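Notes to accompany the following structure.
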Protein chains: 2
Amino acid sequence: MGITRIHIKRNSDTFELRRCQIFTEILNLYIQTATPVGSRTIARRLRNSLSPATIRNIMADLEEMGYIEHPYTSAGRVPTDQGYRYYVNVLMQESHLTKDEEETIRTVYERHWTELEEIIGRASRLLSEVSNQAALVLFSGVSRDIFKRIALILLDSSSNRLLVVFVSASGLIRNYKVELPEPIEDIQLERLNRLLNQELEGLPLSQIEYHLKRRMMMEQGSLYYNLFKQALAMIKATILTSKEERLWLEGTSRVLEQPEFREVARTRELLHLLEEKEPLLELLRQDLEQDQRCRIYIGSEMENKAMKWYSLVTCSYKIGNRVIGTVGILGPTRMEYSRLVALVDRMAGLLGKVISQMGEL
Amino acid sequence: MGITRIHIKRNSDTFELRRCQIFTEILNLYIQTATPVGSRTIARRLRNSLSPATIRNIMADLEEMGYIEHPYTSAGRVPTDQGYRYYVNVLMQESHLTKDEEETIRTVYERHWTELEEIIGRASRLLSEVSNQAALVLFSGVSRDIFKRIALILLDSSSNRLLVVFVSASGLIRNYKVELPEPIEDIQLERLNRLLNQELEGLPLSQIEYHLKRRMMMEQGSLYYNLFKQALAMIKATILTSKEERLWLEGTSRVLEQPEFREVARTRELLHLLEEKEPLLELLRQDLEQDQRCRIYIGSEMENKAMKWYSLVTCSYKIGNRVIGTVGILGPTRMEYSRLVALVDRMAGLLGKVISQMGEL
DNA sequence: TTTAGCACTCATTTTGCCAGAGTGCTAAAT
DNA sequence: ATTTAGCACTCTGGCAAAATGAGTGCTAAA
């Protein structure tokens, strides 16, 4: 109710403004120094336009609002997760990459890339380097991809071991080996090959099964029926079973160099967190669904208790308008949100483009 | 010279024996407890068959020989790298895996594996889990592999973008996209395809270039000449340029849980060491050359200064008798060499087998 | 409404101290 | 000739008391 009182008695606008200013100051200082910031420091930063005592009053307000807190009775203030959230949602101003950062990032473009893996690996290293935090890149391409081409290749003369090569619209190539229950004739194989390519071109992978089943129904009795049946079996054994999802993680040690990791316990904790990839995947996967610019998860906002001390800034990347993965930066909640958002956003954009180009080739 | 004196005057055999016994005791105790071991402790372990004072004398000998050392004036003894080396080369007895370990390891066999990556990932996780150290797996397959089959697939109607699928004798499949300088006719492509498969079957990759060049010379003037030329260009653009080498690293946090990492500095150091993959690769690559059972690198024996505190136990794995990679365990020099050698050896064997089987399918 | 002053709190650092583990040496015992 | 007991000495690690100092909350004055 301290707040309401204030609202009634004062020009709440300028008041609000000043509070924000001081809050931002605390936040920035804390992000820089990693030590709780006290009233005196703030006063100095504001060129003594206000005395420490006044600042203290305001700080008390901010604390009441839940934006900052004391680690202990007489330490400086530290932003709470709620505080960071407020900053991120309301106060934060869009920031731009420096020339340098931009240039560094752009080196993902240096193309002699042939392997998707290499590109993504590079991207994650760059991201970690520029952010000076840990970088995550999720690639989840194939699952939401579109069929482009398939090739069936006999592996050897015995004729029932088959190599299935599958190319998606994003330009990704995957292979599968299948063992047929019985040998297949060359002509039959050729037919199957042509059939699949005709039928499935442009189809999202998610619809392939349905489509083939429907066609099977239609062709019931005709001599194509068996062909479709074989096709379906094969596709099921290959493309549809592969969950193509891979996570890159780079620069853990950068996070561990942050001052909050002076105690070893924290270090272990983080290491465990990152070794268990599932929880991270969980988070990153969420972004595949929603198509926003960037997402920010702050400490205790995340389900995983172990994430309490960390924040995650993520952004998904796409080919055309099809999301194929997520890039993210993980660090202590005390991170430069504004800069990292810009960075992650940019990287997602570039990565999408580079992968698109590779697909085109 | 204490040593020579002893040699002259005593029954050196029983003397040597006792020294070894005590040294082994020190080593084992230190491996277990990670604290310097003193004369009293040893005496107790030997059921007081010798007094601490005697032990101290022997310890002094061992120290003079360079097998153990003091961290400071009045602490217990700790094995030196030279000491570990002596143990490993001379004293160590072959150890066997427990039923439990064996069973755990064997789960790499659980086959629903289709992807090489998955198998190796699994293997490295198992290795780390059972050893309770960090596990490394290098896969360097293709470079020393043998040609089995190639398939050229037109990617689309424009006819100058080609997908090259390459299958090696180990059963590894790799794809490359190439853009031809000019479109190629279907018939020509078909011919090229057949030609390559005929010519190169069974050839080690390292010889492909030479072989094709020689054939080109032979066919000079004939209408095959151009075909070979195209073939060579394509192979060069694809198989020969790919350096297929990948490193898995698992369980870093396990090493960090060792008591030697109470100081944070060590932790960072190790983390950096592991993030820089090149030095590790260097070491693991060496094993590809020599075909020994197991290799052990102890601390300062390794060039890399940062490795001073760590040991590495490695063993290469093969398809048939062709080495295709290396598995290894990394931990503090204070590690259970005997157990880990058994473990690494076993895992290398299993991994080779599993990958071979996969190739056969 | 802001500021100065003061008493108080609590984390951190410093210091000193002690116990414990272990050594090396010497002299006695076997 | 070896082994052992005894003793003086060294160094670590832990603990507690004391000093430090940054920062607060509250009150009263500006």
Side-chain angles (χ1 to χ4, degrees), chain A residues 2 5-19 21-22 25-26 29-30 33-64 68-78 259-260 262-263, chain B residues 2-19 21-22 25-26 29-30 33-64 68-78 259-260 262-263:
Chain A
R5 183 169 50 80
I6 288 160
H7 264 275
I8 294 160
K9 295 208 183 170
R10 306 186 201 169
N11 176 337
S12 69
D13 268 7
T14 61
F15 232 73
E16 191 65 28
L17 187 73
R18 208 172 57 182
R19 266 205 303 244
Q21 211 179 0
I22 287 176
E25 210 64 54
I26 294 174
L29 269 171
Y30 184 66
T33 62
T35 48
V37 341
S39 51
R40 169 186 225 91
T41 322
I42 295 292
R44 232 180 298 130
R45 291 273 295 198
L46 298 178
R47 294 200 222 79
N48 293 306
S49 62
L50 292 173
S51 81
T54 316
I55 308 274
R56 280 205 287 280
N57 286 328
I58 297 167
M59 279 171 147
D61 292 355
L62 285 168
E63 185 155 10
E64 209 174 345
I68 56 179
E69 68 187 343
H70 282 173
Y72 51 89
T73 329
S74 99
R77 269 22 184 248
V78 164
E260 24 270 278
R262 262 161 307 160
E263 315 118 52
Chain B
I3 302 165
T4 47
R5 182 170 50 80
I6 288 161
H7 263 275
I8 294 160
K9 298 206 181 169
R10 306 187 201 169
N11 176 337
S12 69
D13 266 7
T14 60
F15 233 73
E16 189 65 29
L17 186 73
R18 209 173 57 181
R19 267 207 301 247
Q21 209 181 0
I22 288 177
E25 210 63 55
I26 294 175
L29 269 171
Y30 184 66
T33 62
T35 48
V37 339
S39 51
R40 169 187 224 89
T41 322
I42 296 291
R44 232 180 297 130
R45 292 274 293 198
L46 298 177
R47 293 201 224 78
N48 294 306
S49 60
L50 292 173
S51 81
T54 316
I55 308 274
R56 279 205 288 279
N57 287 328
I58 297 168
M59 278 171 148
D61 292 354
L62 286 168
E63 183 154 12
E64 210 176 341
I68 56 178
E69 70 186 343
H70 281 174
Y72 51 89
T73 328
S74 97
R77 281 355 196 261
V78 165
E260 24 270 279
R262 261 161 308 158
E263 315 117 53

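Quick caveat: nothing in here was measured; it's all calculated off a predicted structure. We name chains A, B, ... by the order of the sequence lines, and we start the count at 1 in each one. Hydrogens, waters and symmetry mates play no part in the numbers below; they use all other heavy atoms, side chains included.
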With a 4.5 Å cut-off on side-chain heavy atoms, are Arg77(A) and Glu69(A) touching?
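No, too far: nothing below the 4.5 Å cut-off.
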Note, Leu46(B) side chain near Ile55(B) side chain (heavy atom, < 4.5 Å)
yes
[X] has an atom [atom1]; how far is it from atom [atom2] of [N], in whole Å?
| X | N | atom1 | atom2 | result |
| --- | --- | --- | --- | --- |
| Asp61(B) | dG24(C) | CG | C1' | 14 Å |
| Leu50(B) | dA1(D) | CG | C1' | 15 Å |
| Leu46(B) | dT4(D) | CG | C1' | 16 Å |
| His70(B) | dG24(C) | NE2 | C1' | 9 Å |
| Ile42(B) | dT23(C) | CD1 | C1' | 15 Å |
| Ile58(A) | dC26(D) | CD1 | C1' | 17 Å |
| Glu63(A) | dG25(D) | CD | C1' | 11 Å |
| Glu69(B) | dC11(D) | CD | P | 16 Å |

Taking all heavy atoms of [X] and all of [Y], pick out the closest pair and write down the distance.
| X | Y | value |
| --- | --- | --- |
| Tyr30(B) | Val37(B) | N-CG1, 3.9 Å |
| Pro71(B) | Pro36(B) | CG-CG, 4.0 Å |
| Met59(A) | Ile26(A) | CE-CD1, 3.8 Å |

Of Thr73(B) and Pro52(B), the one whose closest DNA chain D nucleotide lies more 5'
Pro52(B)
Could you tell me whether the phosphate oxygens of dT4(D), OP1 or OP2, come under 4.0 Å of any side-chain nitrogen or oxygen in Arg40(B)?
no
Nearest to the side chain of [X] - [options]?
| X | options | answer |
| --- | --- | --- |
| Arg56(B) | dT2(C), dC25(C), dC26(D) | dC25(C) |
| Thr54(A) | dT3(C), dG23(D), dT24(D) | dT3(C) |
| Tyr72(B) | dC10(C), dT12(D), dT23(C) | dT12(D) |
| Arg77(A) | dT24(D), dT3(C), dT4(D) | dT24(D) |

So Ala53(B), base contact, sugar-phosphate only, or nothing? Heavy-atom distance under 4.0 Å.
base
Toward the 5' end of DNA chain C, which comes first, Ser74(B) or Asn57(B), by nearest nucleotide?
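Its nearest nucleotide lies further toward 5', so the answer is Ser74(B).
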Opposite nucleotide pairing with dA30(D), Watson-Crick or G-U, both atom distances under 3.5 Å:
dT1(C)
